[in-house]
Amino acid sequence: MPETIRKVFHIQFWAWTGWFPFLYYLTTYAKEQYLSSELPLQAPQRTINARSLRASTLANLSFAAVALLANILLSTFFTRTTPSKSPLAFRIQDRNLNLPITFLWAIAHIFFSFVMLFTFFITCYIGGTILVASLGFSWSLTLWAPFENMGHEIENEMREEGKKFGVPQTGTIVGLNNEAILAPQIIAAGICSAVFALADALGSRDGTA
């Protein structure tokens, strides 16, 4: 197996360990941020519940909209300029700035980490929604950057080894990639359950879905 693809699996594992808790509790986070704000305090409980549901829906919609916009912009303003055997890179059209896809993917991970840290300091619904929406950028790269890298490596291997590297090997790589994504789902669920159990034992009143 190419070393680059092996590294992609490692990155996928740790990245999705962070993504799954976010995806699980995105709606709960947005709802709790709204309920903790001062806006709905004077309204009846039924109205508060309805508004918090709409608020969490808006956060999800904003996240999806930014992810879609980021994918469109990346595919529009970045074009492949390197030969197929060279390291994968994208270039801003009509400019000489080359940005490897691995560099953009790394930026997306770093940005995700900083946004997660900022959730400790953001206590208003609007700020929370902005944080959630901004992660659409990282999500867009998470969905296609690893597959772009693996596809590039598979293409090179098939060119160099010919029939020795064919459909069976490609299927194995796809299967291992799925494992690298699915394993963190179980781990993240276990960690979240432990955290919520500890919070409940300590008397926390925050929502835990």
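No hydrogens, no waters, no symmetry mates; every other heavy atom, side chains included, goes into these values.
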Open item on the list: In the structure I gave you, are the side-chain heavy atoms of E153 and I173 within less than 4.5 Å of one another anywhere?
Closed with: no

- [ ] With the side chain counted from C-beta on, respond yes when I187 and F13 share a heavy-atom pair under 4.5 Å apart, and no when they do not.
- [x] yes

Task: Shortest non-hydrogen contact from A55 toward A30 - done: O-CB, 4.4 Å

Open item on the list: Less than 3.5 Å apart, any donor N or O on the side chain of T102 or N149 sitting next to an acceptor on the other?
Closed with: no

- [ ] Check whether more than 12 heavy atoms from other residues, nucleotides or ligands sit under 6.0 Å from atom CG of L198, and answer yes or no.
- [x] yes

Open item on the list: Quick check for you: to the nearest 0.5 Å, what is the distance between L61 atom CG and L68 atom CG?
Closed with: 10.5 Å

Open item on the list: Please find the pair of heavy atoms, one from W16 and one from P21, that lie closest to each other, and give the distance.
Closed with: O-CD, 4.5 Å

Task: Ring geometry between W19 and F112 (parallel below 30°, tilted from 30 to 60°, perpendicular above 60°) - done: tilted

TODO: Taking the six-membered ring for Trp and the single ring otherwise, decide whether the centroids of W105 and W139 are under 6.0 Å apart.
DONE: no

Open item on the list: Please give me the minimum heavy-atom distance between L26 and V132, naming the atom from each residue.
Closed with: CD1-CG1, 3.1 Å

Open item on the list: Are L23 and F118 connected into the same hydrophobic cluster when the rule is that any two of I, L, V, M, F, W, Y join if their side-chain heavy atoms are below 4.5 Å apart?
Closed with: yes

Open item on the list: With rounding to the nearest 0.5 angstrom, report the CG to OG distance, L135 to S140.
Closed with: 10.5 Å

Task: Closest contact, heavy atoms only, T129 versus S62 - done: CG2-OG, 4.2 Å

Task: Atom pair OG1/CD of T17 and Q185 - distance to nearest 0.5 Å - done: 11.0 Å

- [ ] Could you grab the distance from atom CG of L141 to atom CD1 of I107, nearest 0.5 Å is fine?
- [x] 10.0 Å

Task: Where P184 and F20 come nearest, the two heavy atoms and their spacing - done: C-CD1, 3.9 Å

Open item on the list: Set out, in order, the CA-CA distance, both residues' side-chain angles and the distance that settles side-chain contact (heavy atoms from CB on, under 4.5 Å) for S56 and Y34, then state yes or no.
Closed with: CA-CA 8 Å; S56 60; Y34 182 82; over 6 Å; no

Open item on the list: Do V66 and F111 sit in one hydrophobic cluster, given that two such residues count as connected whenever their side-chain heavy atoms are within less than 4.5 Å of each other, even indirectly?
Closed with: no

Open item on the list: Just checking F147 against W144, ring centres under 6.0 Å apart?
Closed with: no

Task: Derivation of the side-chain contact (heavy atoms from CB on, under 4.5 Å) call for Q33 and I122 - done: CA-CA 9 Å; Q33 288 289 79; I122 300 299; 3.9 Å; yes

Task: Flag side-chain contact, heavy atom, 4.5 Å: I5 against N177 - done: no

TODO: To the nearest 0.5 Å, tell me how far K7 NZ sits from M150 CE.
DONE: 15.5 Å

Task: CZ-CG distance between F9 and L176, expressed to the nearest 0.5 angstrom - done: 5.0 Å

Task: Shortest non-hydrogen separation from V115 to S134 and the atoms involved - done: CG2-OG, 4.0 Å

Open item on the list: Less than 6.0 angstrom separating the ring centers of F137 and F63, yes or no?
Closed with: no

TODO: Answer yes if M116 and Y24 sit in the same cluster of Ile, Leu, Val, Met, Phe, Trp and Tyr residues linked by side chain heavy atoms under 4.5 Å apart, and no otherwise.
DONE: yes

